[in-house]
Structure formats: C-alpha cells, structure tokens
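Data first, discussion second: the structure below is written as structure tokens.
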Amino acid sequence: MSSLPFVADSPPTPSGSVGASTPAFSPLYQQIKGLILQSLQQGEWKPGEAIPSEMELAARFRVSQGTVRKAIDELAAENLVMRKQGKGTFVATHAEQHVQYRFLKLLPDTGDARVEGPAQRQVIDCRRVRASADVARALALRSGDAVMQAKRILSFASVPTILEDIWLPGQAFKGLTAEQLANYQGPTYAMFELDFGVRMVRAEEKIRAVLPDEDQTRLLQVSSVTPLLSVERIAYTYNDVPMELRRGLYLTDTHHYRNELS
C-alpha cells in the first residue's frame, strides 16, 4: 500500500478569517479522485487490474463509501476505470475493445472497423533523434532532448490509407524498435501499456485538409492533387503529461473521419 495523505469526510475548519490567500475549496470526492489518480500514475494498479473495492478504499482514505463511489463515477466517465458487473472496478486498458475504438476515428464507409479488421502496418523508420523545437514544445521537453521517431503506413485491404509520423519521449520509450511497432498484434496504445507502462488516457487533435508533397504522394500511392485529411494528435497520460505527438495523413475515398460530441 502506498503512503497517501490522510483524508477525512469532515476536515477541520481552519482558524482565522478567510482571505485572498485561502486555498480554493475542493470537494472531498475530488480529493479522493486525485489520490486514486496518483496511485494509477505511480503504477500501483496496472492496466486491466482490479482496484480495491469501494469499502477498502473508504477505509484506506477514512471517508464514506458514497464519497469513494462519486470519485470512481467520475473516473469511469473519463474512461480511466471500468466497472464490471459482479466483478469490481478495473483500470481501463487499450486492450479492451471499447477502449481501443475511443482513439480510432477513421472508419470504413461500409461496415465497421471490427468487420474490416486491423490495419496492415509497414514501418518505414524507427529511430532515436533529437527533438526539434515544435516536437519538444508539444511533448513538454527541451529542444534537443531525445525522442523516438517512427514513420509508418497503415493499409486496409492492401490499400495504403494512413501515413503517420510519431514522436515519443526518449526516456519513457527507450528501446522501442520497428519490429515492436510492426509485429504487435493488438492496438499500438496497448503495446505502449504492456511494454513501456505508459497509458494514454486522452488526446487533443487538430484537423485540416491538405495536398500531399512528393514523398507523401509516393508512399500513399496517390496523385499530387488527391485531397488528404491531416490530423495532428497529442496524446496524454495521467495528470495531462504529453506522451505522444502523432501527425497522420488520411485518405478518405473509402473511409470517413467520425467523432462523437457529447
């Protein structure tokens, strides 16, 4: 068990008048959520593993089960944990099918991604390089810090459909190889969890329409006037730590980019 701060359902009221320097009030369940997140970040419970029961967590933090339940409700709504009826609450993992498809936005015009099956992966390059200024800024690194850079083509039914450039912090992904990227049978984010202990929990994307340059035309086997969807994604692990910059070019003649807004 990790050493965590004591929390009580009714914390004592600080003496003295309330002034501008008084810390902002944080609801108790939010404090418990933060402590659970801290344990997740420290790897106390691995992806796919069960976390302690609400009763055990309530005893651990010395709060009510209702407070713990509210904290877990928020974590479940954010897809950080999953409740399984009659089994308990588990750390969410990209190996779970419904989590896999949170990050998959390009879908076939006919059928769905599950019917189409996984993409065929061709890794063109995977090497350790120095981060350029824009890559360093996206990953909260210093310019020149080590990053792993990979380039790959994803094909469906042998048709090149996505061209991706990926940058990952060199320290967290030390030893990543082209063979790992090409040969892992499940989702890439699941491999990041299993082999490197890094779980991506959310992402931000920028999307625009572009035309390919000469190299992109050759790799995607399209003409220079073929419109492509450019998607730049920054993926984050716990506590909003950026762990991946991914720039993809998507061919959308047989696929479409789908997003759910809520």
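As the structure is a prediction and not an experimental result, all values here were calculated from the model.
At least one side-chain heavy atom of E244 sits less than 4.5 Å from a side-chain heavy atom of F192. In this structure, the side chains of T161 and T254 stay at 4.5 Å or more apart for every pair of heavy atoms. You'll find the side chain of V201 stays beyond 4.5 Å of the side chain of N79, heavy atoms only. Between M148 and W167, the closest side-chain pair of non-hydrogen atoms is not below 4.5 Å. Side-chain contact between E193 and T93 is present, with heavy atoms from C-beta onward closer than 4.5 Å. Side-chain contact between E164 and R247 is absent, with no heavy-atom pair separated by less than 4.5 Å. Within the 4.5 Å cutoff, the side chain of L229 has no heavy atoms near those of the R208 side chain.
The structure places CG of L75 at 11.0 Å from CD1 of I32, a figure rounded to the nearest 0.5 Å. Taken from CG in L139 to CG in L245, the straight-line distance is 5.5 Å, to the nearest 0.5 Å. Expressed to the nearest 0.5 Å, how far CG of D73 lies from CD of E78 amounts to 11.0 Å. Between the CG atom of L154 and the CD atom of Q120 there is a distance of 9.0 Å, given to the nearest 0.5 Å. Taking OH from Y238 and OG from S39, the interatomic distance works out to 11.0 Å, rounded to the nearest 0.5 Å. Summarising the geometry, atom CD belonging to Q216 is positioned 8.0 Å from atom CG belonging to D165; distances are rounded to the nearest 0.5 Å.
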(request) Determine, stepwise, if the pair Q31 / F61 fulfils side-chain contact (heavy atoms from CB on, under 4.5 Å). (result) CA-CA 10 Å; Q31 297 177 43; F61 298 130; over 6 Å; no

(request) Mind running side-chain contact (heavy atoms from CB on, under 4.5 Å) on T89 and W45 for me, showing each step along the way? (result) CA-CA 11 Å; T89 301; W45 312 305; over 6 Å; no

(request) Determine, stepwise, if the pair R83 / E54 fulfils salt bridge (charged side-chain N to carboxylate O under 4.0 Å, His left out). (result) CA-CA 12 Å; R83 283 195 168 99; E54 291 178 1; 3.4 Å; yes

(message) Between V231 and L106, does the side-chain contact (heavy atoms from CB on, under 4.5 Å) criterion hold? Intermediate values first, please.
(response) CA-CA 11 Å; V231 181; L106 194 73; over 6 Å; no

(request) Might you work through the side-chain contact (heavy atoms from CB on, under 4.5 Å) test for R199 and L80, ending with a clear yes or no? (result) CA-CA 10 Å; R199 172 164 151 66; L80 299 179; 4.3 Å; yes

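Hydrophobic clustering of Ile, Leu, Val, Met, Phe, Trp and Tyr side chains at less than 4.5 Å, counting indirect connections, unites V241 with F173. Side-chain heavy atoms closer than 4.5 Å link hydrophobic residues (I, L, V, M, F, W, Y) into clusters, and following such links, even through other members, never connects I36 to Y29. Under the 4.5 Å side-chain heavy-atom criterion for ILVMFWY residues, a single connected hydrophobic cluster contains both L37 and I51. Hydrophobic clustering places I166 together with Y184 (ILVMFWY residues linked when any side-chain heavy atoms are closer than 4.5 Å, directly or through intermediates).
Ionic pairing of E204 and R246 is not present here: no N-O contact between side-chain nitrogen and carboxylate oxygen is shorter than 4.0 angstrom. Electrostatic pairing of R142 and D145 counts as a salt bridge here, judged by a charged N lying under 4.0 Å from a carboxylate O.
Residue E49 places its CD atom among more than 12 non-hydrogen atoms of other residues, nucleotides or ligands, all under 6.0 Å distant. Heavy atoms from other residues, nucleotides or ligands lying under 6.0 Å from CD of Q30 number more than 12.
D213 contributes a side-chain N or O that, together with a main-chain N or O of D215, makes up a donor-acceptor pair within less than 3.5 Å. Not a single donor-acceptor pair under 3.5 Å links the side chain of R202 to the backbone N or O of D240. Under a 3.5 Å cut-off, the side chain of E232 and the backbone N or O of S230 do not form any donor-acceptor pair. No donor-acceptor pair under 3.5 Å is formed between the side chain of Q38 and the backbone N or O of L35. Here the side chain of T226 pairs no donor or acceptor atom with the backbone of S224 at under 3.5 angstrom.
A donor atom on one side chain and an acceptor atom on the other are found under 3.5 Å apart for Q180 and D195. Side chain to side chain, S158 and S155 fail the donor-acceptor criterion of an N or O pair below 3.5 Å.
I124 forms part of a hydrophobic cluster together with I153, L163, V210, L219, L220, V222, L228, L249, L251, judged by ILVMFWY side-chain heavy-atom separations under 4.5 Å.
Using the six-membered ring where Trp is involved, Y250 and Y257 have ring planes that are perpendicular, over 60° apart on the 30 and 60° scheme. Ring-plane geometry between F156 and H255 is classed as tilted, the angle between the planes lying from 30 to 60 degrees on a 0 to 90 degree scale.
Y236 and A203 make their closest contact through CD1-CA, 4.5 Å (heavy atoms, listed as atom of the first residue, atom of the second, distance). Heavy-atom minimum distance, R128 versus A146: NH2-CB, 3.5 Å. For the residue pair R130 and V147, the shortest heavy atom distance occurs at C-CG2, 4.3 Å. Looking at every heavy atom in both residues, T237 comes nearest to M243 through CG2-CG, 3.7 Å. Here the closest non-hydrogen pair linking S143 and S132 is OG-C, 4.1 Å. Pairing each heavy atom of A172 with each of V198, the nearest pair is CB-CG2, 4.3 Å.
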